Asks: 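Structure in structure tokens, see below.
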Amino acid sequence: MKKELLSEPTFDFQKWLGFFDLLQMKFIKFSFVSLMIFGFQWGNAVPIISPPQEVVSGTVTDINNMPLPGVTVRELGTNNGTQTDFDGNFTLQVKSTNAVLQFSFVGMDTVERDVEENMVLNVVMEQGSQSLDEVVVVGYGTQRKSDLTGSIGVVDSKELTRGPVTNPLQGLQGKVAGVRVALNSGSPSSSPRVLIRGIGTINSSSDPLYVVDGVVMENIRFLNPNDIESMQVLKDASSTAIYGARGANGVVLISTRRGAKTMGTTIGYEGFVSVGVLPKKLDILNSAEFMEVLETGFNNHPLYSDQPIPEFTTDDPNLFDAEGNPIYDTDWQEEATRTAISHNHQLSLQSKAENSSFGAFLNYSDMEGIMLNNYLKRLSGKIAYDANPKDWLSVGLNLLVTNVQENEFEEGGGHQMPRRSMIEMPPIFPVKFPNGTWSNSGMVDDPYGLEAIPNPVHVLETQDRLVERSKIFGNLFTEFHILPGLDLRTQIGFDRNIFNQKFYSPTDLINISSPNGSATLANNKSLYWQQENYLTFNKSYEDHNFNAVAGLSWQKRTSEYFNVSASGFSDDTFRFNRIQAASEPGSPNSGFDEWSMNSYFFRGSYNYLRKYLVTFTGRMDGSSRFGANNKYGFFPSVGVGYVLSEEPFWEGIENTFNFLKFRTSYGITGNTEIPTYQSLGTISTGTTLINGSRASISYVNRLPNPDLEWEKTKQFDIGLDMEMFNRGLIFNLDYYYKLTEDLLLDRPVPAHTGFSAVRDNIGSVSNKGIEVLLQAFPITTDDFKWDSSLNFSYNENKIESLGVNGEDIFPGPNWVSGSQTILRVGESLSSFWGYDRLGTWSTDEAEEAALVGAIPGEAKRSKERKIIGNGIPVWSGSFINNFYFRNFDFTVDLQFVADVDILQQMTHSAQDRSGYGNGLDDILYDAWTPNNQNTMIQQIRNGPYSGQNSEVDSHWVADGSFIRGNLFDLGYNVDPFLLEDMGIQSLRVYANVQNAFVIDSDDFRGYDPEASSWEGNQWGQNIFFYQYPRPRTFSLGFSMQF
Amino acid sequence: MKNYKIYYLLIILFTTGCEKFLEEEPADEIALDQYFTQPEHARDAVNTLYRTGAMQLYTGEVYSGARIMFGPYITGFVDNEYKGQEVHVGYAQNLSYNQTNLSSYFNSMWSDMYLGISRANTAIKYIPEVEGLTEQESEQYLAEAHFFRALNYFYLVRFFGGVPLITTPYESLGELELERGSTGAVYDLIIEDLNFAINSNGLSVSSVPGNNGRISQGVAQTVLADAYLTRSGEAGDGDYYAGAANSARDIINSGVYNLTQHSFDSNGELTENGSAYNKNRKQRIVENEYIYYYEYAIGIGNNPYTQWTFPTALSPKMAYAIVNNAFAPTSDFINSYDPVRDLRIQEKQYFHSSVTMPDGEHLEFEVSPYYWLDEEAVFETALSERATPIYTYSNVLLIAAEAIAQSEGVTSEAVDYLMEVRERAYWNEDPAAIREALSELSADAFVEEVLKERIRELAFEFQIWFDINRTRKFPDPSSVQPGQIDFINVVGATNNFGGTITETDLLLPIPEMEMQRNSLLTQNPGY
């Protein structure tokens, strides 16, 4: 039904009806799932009726002795509970004298108390969020937060999934200072880019290492974010050195949810439905304006060429009426996008028995992209089991299975993909002609010479880009409690990924796959396993506190792939399902790859009186990826801390300055993330054409480098952690300096060697920066609370040295007029490379213009190319506010970046060259004319007949700073009293809007200033040739626990 | 606590690794020292040369044209509709190219040719070590490897002058930088390599298609003839015309090649599509005329030239998404042909400016190459496998005519060779009259006639810049009397786009990227 509606762009009313139909369907589905859950609950959880025996009463106050009303009081392991009254008093009949009461209140740390014989319980609750005794996960263990000497950012599940996030990295955005997450596309199937403390490498990966429950995970973006308990981001060397040769880009440790923490069983459900809309449209030419530009181009032709051209006409009866006016005025941005409806359901079952706990989690997520037909569906299940069968033994298991089905959206490249054609397809064409045929830009009889553009709706509706990803991930551990405080843990973990691609592009998509069609089938599999054994020691001897870990690790990853593609389909019947029906099979490909690592690691932390802190960390790593002469490397670090607030002289001011710690660390970490076999000079094979058929070929593919080893990042960090005014103000500050040396660089070599580069350890890059986290609780009254968190970071990046002669390197991405970026000593990484646009040549400058082959009205550019921008932000951060009023909570999450540029490659075809297709409307309103000479926009001309003038220049560059209204979330916690009878422990309903607004610079011409259309290209950040618009998303959801 | 033994066992179990755990043994690649053990390895190492290096000058994509067109763009004889985006075209036409503004463009040319040389060096080094090769196979593969090394150096020396001379493969880091060799030293190596190939028993005397698509004697001799001829010119270092004449003569006398002839009806009129040029256009490979060519096969390598046969404004009408007149003849080029007497400039011989579409629609447009047109590809399939000529028999005949005139004088043999080409073009004329006029010319005047014929006949072999460069004579066709061409000194000559050629422009600059990578290089004068 939808397809037909889309072909009738004028019937808005019906379209809305269609939308409601759809919404209704989704809602029915949604309700059905909810019902199932309720049904399940009502069928099984019969309340236990046994008369309460004892009555406990008391008062709950805060540390200033103010009574706290509305505190939830619950007898653990039961549905029995109450709330404190206005004076903070409560009374509860408990079932036994062994009962444990739990006191919880928003913004406060939850308190648990044994009833024992005390029939009166007076409880003092403390402000939450940054308890001194908070334990954080570190590499191979946990540590008290206050004992840390390193710099670690923590994000809990609540913060992570407050908005409708499709992957964990989206949730991480803006939450930790120094962690830059760029969501470069609005597609649910796109990958965010994550940089921790800048980019410190050139040819290796800059992605951080992700460790999930102790096991390294790849493709982290397919992890179900609802399964995450907490994320810890390790930033400095004191915390990352234990990951040695893989730690240089920072490490993200993820703990997933496990069994219940308290006795009994709880069942939880969380779900939301969201509606994504196109937040803005680009100002492009409509039919009348487009025709005006076209005609002007024809009229201007004699200025550019003495070749005769056809007369400008508007005769085609399919497109023009008798007066020559366009019949259609199609809004392709409207047609190619949709209101995207997504929903997510998470069901959890958690229980705890005396010696074991168990958790089972099921998630189904159906995320629609706002571009037609783009979706991601994820089904994931997870089981966690922990047991203490003996007093000397603990065991645990975690198993995670994910299946993702996508119709992905083409994010890269520069040809006629829909994100481009939704702008450039001329509006004079309909989606379909009245006879039912899809339109394309060739379907005009008048001699316009338009570039061949298939209409975006046609592409989106008929092309398949199906991807299926399966992941099985898990680990099994046993922990032997050898002595009090001394444990031996052995753990086996694995990550299996299977990735299948099925692409088909039909025979009638001009300039994409016409006339032959094309299909690709691809399969990739990888298996990673690790086996680790380590001893942990955690003990205090009077004032001396020790925390140590030592162990060893084996890791191996194998992967294989094959793919085959073909074209020459006689029609579109069988698509990729019968590739042998294609007359032109391409050459099939396959490959195999393997690497392994063997490592030994140690960390020893000691503190005296929790005042003087010191941590030594070291890891010895061996990696198969490196040369025979350099298999093993050592990565040490040291961190020291001084908790000033533990000093005796502090006592007088400890109520004002609750906590003050200085810490500093220095250490070395490595980066091994290069392709395998780079140290070897090997023979590669393939085929070439000789005498009409394929013939085998072989050639030496690399210069060998047996000395190849890892990149080494030396990092210095100095920081301070401070808490003031009863923890009403929390302040963290870090300064760091990172110097990455012995870069794994594709060091250019003279081309006469037959090679362009050799992978060598040469060159260095530095990053220095400041990170600030400021948390405040400005208002805390009985009814109203406000907490506020501001984090921001500053990063300065510089190339210190490159190859032997300091040669410039042009790393791409390569596009119109060559590499769009340059690597040059003394400059920042990700520097854009092009000409300066000085303006347009004026009539008075005709002679000067002629010297460079130009005429007045054409772009006036500098003689030489230079650096015209920088794609990595210097400043980034977020400002998050939570408000609590009675049972309501409200979150305002703002994010910002500053001091960054964007290379808008779309300027090439949407403005610089007119006549091939549609473009921005300033071509018509602000282009050079004899009467409007002071403009950057070149004179209108008809590219197909009169040529064009387009090169990367500063006019393509815009200031990339922005402020985004990332999330506005309103929640309501239903009063537990009202729920008690239904057997529900808690229920929160919420509504939010994500990406509510973006404030960007005036010269920005795209949809969203956080962008790249060079997915996967290290240097493609903030460079885009059209974008997948990022939607504005409205969500409605609830979560409950039984 | 009684379980200590278990812990010890576990620790021993988990810490005892396999010694080879960190060794890399690629499964889809093989180490160089384990290779060259079977006859097929020798063959495959030579096969790779067939489409690397200099050969890559002859392929391209729709917007940019082929790299070999860079020379013709400099002369201003051709234009490219996409030059606003393909900046190398404008830099060539305006003579404003230098080592920085086209650094990566020139670097690609330079690097690709050295890639070919490096792979040839590997083959030359290891083929003698391969066991199990027959003597015939060994000689054949070595001859092919030497041929390709020479071919790559021949393009390098013409574009860049004396370049670093490398004859053994680089296999480790170490001293990588190297000085430029002299032009003469480069030519010495080219001639030595080609003579090695010709004098070994490795190369067949047949045509390339008759030799399973592999290099034959005629190919090596043609390149040798061209190398001798070029070395004898202004950019060379001596008089090698006799060598050029002898090599060309050997090819002509081999009897393997001949020119396709026209078909006439009983009235003496050309039959439809009966001209030699039309007949050649229709064939995948013109076996009798194409001594060497860049081949295509659908599904393996598709011909891009067909997309350069119509102006871009006609794209919507074509099976190809985009067509582009990337080798658009300018008025200078068109004026080099006699519009009445010369068959090649007649509509639908070498060029066209109108077409009747399959649906009967008649379209007129700017003059575009017709010789590359493959109707089935353009109108239906967007797939073409017609080969692109690199050396045609016409070229050899004209080399022979020029070289003989230069070394022996305007002999009747020299006249014969020029006449073979010219009488086919002047299809309505009495050959005897043309011959007589030619026979009376001085050697210099005769050579100019040969050069004119090279401009016209070899339009699609991209020889024009190489010819200007070696003779220092820039053709100046008359717009008043098309077909008449004067030659002027190349230095100071102004092309069709107003670009003025200087001494500096005669060699391309060494790309800045390579200058930075090899500090021993010296830049060509003037850059």
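Lettering follows sequence order; numbering is per chain, from 1. This is a predicted model, so every value here is computed, not measured. Worth knowing before you read on, the calculation uses all heavy atoms, side chains too, and leaves out hydrogens, waters and symmetry mates.
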Asks: Spell out, as yes or no, whether a donor-acceptor pair under 3.5 Å connects the side chain of A:R865 to the backbone of B:N101.
Replies: yes
Asks: For A:E532, is it the side chain, the backbone, both, or neither that has a heavy atom closer than 4.5 Å to a heavy atom of chain B?
Replies: neither
Asks: Pick one of side chain, backbone, both or neither for A:R694, based on which atoms fall under 4.5 Å of a heavy atom in chain B.
Replies: both
Asks: Picking from A:V804, A:V749, A:V758, what satisfies side-chain contact (heavy atoms from CB on, under 4.5 Å) with B:L176?
Replies: A:V749
Asks: Between OG of A:S567 and CD1 of B:I298, what distance do you get to the nearest 0.5 Å?
Replies: 10.0 Å
Asks: In Å and rounded to the nearest 0.5 Å, what is the CG to OG distance from B:D28 to A:S684?
Replies: 8.0 Å
Asks: Side chain, backbone, both or neither: which part of B:E380 has an atom under 4.5 Å from a heavy atom of chain A?
Replies: backbone
Asks: Do other residues, nucleotides or ligands put more than 12 heavy atoms under 6.0 Å from the CD atom of B:E40?
Replies: yes
Asks: Heavy-atom cut-off 4.5 Å, strictly under: side chain, backbone, both or neither for A:Y835 against chain B?
Replies: side chain
Asks: For A:E560, is it the side chain, the backbone, both or neither that has a heavy atom under 4.5 Å from a heavy atom of chain B?
Replies: neither
Asks: Among the options A:N440, A:V700, A:N516, pick out the one with the most heavy-atom pairs lying under 4.5 Å from chain B.
Replies: A:N516
Asks: Kindly write out the residues that satisfy ring pair (Phe, Tyr, Trp, His ring centres under 6.0 Å) with B:Y91, not counting sequence neighbours, or none if the list is empty.
Replies: none
Asks: Which one of B:L115, B:T312, B:I300 has the most heavy-atom pairs closer than 4.5 Å to chain A?
Replies: B:I300
Asks: At what distance, to the nearest 0.5 angstrom, does CG of A:N691 lie from OH of B:Y50?
Replies: 9.5 Å
Asks: What part of B:F365 lies closer than 4.5 angstrom to a heavy atom of chain A: side chain, backbone, both or neither?
Replies: neither
Asks: Any chance you could measure A:N511, atom CG, to B:I322, atom CD1, to the nearest 0.5 Å?
Replies: 4.5 Å
Asks: Could you tell me which of B:G299, B:A382, B:A123 has the largest number of non-hydrogen atom pairs under 4.5 Å with chain A?
Replies: B:G299
Asks: Classify the angle between the aromatic ring planes of A:H752 and B:Y170 as parallel (below 30°), tilted (30 to 60°) or perpendicular (above 60°).
Replies: tilted
Asks: At a 4.5 Å cut-off on heavy atoms, which part of A:N814 comes close to chain B: side chain, backbone, both, or neither?
Replies: neither
Asks: So does A:Y677 get a backbone contact from the side chain of B:E24, meaning a donor-acceptor N/O pair under 3.5 Å?
Replies: yes
Asks: Measure distances from A:P447 to the heavy atoms of chain B and classify the residue's part below 4.5 Å as side chain, backbone, both or neither.
Replies: neither
Asks: Test of understanding: with salt bridge (Lys or Arg N to Asp or Glu O under 4.0 Å), list the residues that count as partners of B:E29, not counting sequence neighbours.
Replies: A:R702
Asks: In terms of heavy-atom proximity below 4.5 Å to chain A, should B:L178 be classed as side chain, backbone, both, or neither?
Replies: both
Asks: Could you tell me which portion of B:M513 (side chain, backbone, both or neither) has an atom closer than 4.5 angstrom to a non-hydrogen atom of chain A?
Replies: side chain
Asks: Would you mind checking which part of B:L314 comes under 4.5 Å of any heavy atom in chain A, side chain (CB onward), backbone (N, CA, C, O), both or neither?
Replies: neither
Asks: Does any donor atom in the side chain of B:Y35 or A:S698 lie under 3.5 Å from an acceptor atom in the other side chain?
Replies: yes
Asks: Quick one: does A:K631's side chain have a donor or acceptor within less than 3.5 Å of a partner on B:L22's backbone?
Replies: yes
Asks: What part of A:L450 is in contact with chain B, defined as an atom under 4.5 angstrom from a non-hydrogen atom: side chain, backbone, both or neither?
Replies: backbone
Asks: Please state whether the side chain, the backbone, both or neither of B:S111 comes within less than 4.5 Å of a heavy atom of chain A.
Replies: both
Asks: Under a 4.5 Å heavy-atom cut-off, does chain A meet the side chain of B:E514, its backbone, both or neither?
Replies: side chain
Asks: Would you say the side-chain atoms of B:N47 pair up with the backbone N or O of A:A695, donor to acceptor, closer than 3.5 Å?
Replies: no
Asks: Pick whichever of A:R913, A:E858, A:M597 has the most heavy-atom pairs under 4.5 Å with chain B.
Replies: A:M597
Asks: For the candidates B:E177, B:H88, B:E81, which exhibits the highest count of non-hydrogen atom pairs separated by less than 4.5 Å from chain A?
Replies: B:E177
Asks: For A:Q416, which atoms come within 4.5 Å of any heavy atom of chain B: side chain, backbone, both, or neither?
Replies: neither
Asks: Do the two ring centres, one from A:Y916 and one from B:Y82, sit under 6.0 Å apart?
Replies: yes
Asks: Judged by atom type as modelled, is there a donor-acceptor pair below 3.5 Å linking the side chain of A:E951 to the main-chain atoms of B:V87?
Replies: no
Asks: Tell me, side chain or backbone of A:M443 under 4.5 Å from chain B's heavy atoms, or both, or neither?
Replies: neither
Asks: Can you say whether B:P26 sits under 4.5 Å from chain A via the side chain, the backbone, both, or neither, judging by heavy atoms?
Replies: both
Asks: State the CG-CD distance between A:D808 and B:E512, to the nearest 0.5 angstrom.
Replies: 7.5 Å
Asks: Locate the shortest heavy-atom distance separating B:A27 from A:F592; write the atom from each residue and the value.
Replies: CB-CD2, 3.4 Å
Asks: For A:E584, is it the side chain, the backbone, both, or neither that has a heavy atom closer than 4.5 Å to a heavy atom of chain B?
Replies: side chain
Asks: Which bit of A:S946 is near chain B, if near means a heavy-atom gap under 4.5 Å: side chain, backbone, both or neither?
Replies: neither
Asks: State, to 0.1 Å, how close B:Q516 and A:N805 come at their nearest heavy-atom pair, and which atoms those are.
Replies: O-ND2, 2.8 Å
Asks: Checking heavy atoms, do the side chain of A:I683, its backbone, both or neither come under 4.5 Å from chain B?
Replies: both
Asks: Checking A:T753 against chain B: side chain, backbone, both or neither under 4.5 Å from a heavy atom?
Replies: both
Asks: State, yes or no, whether a side-chain contact exists between A:V852 and B:N94 at a heavy-atom distance under 4.5 Å.
Replies: no
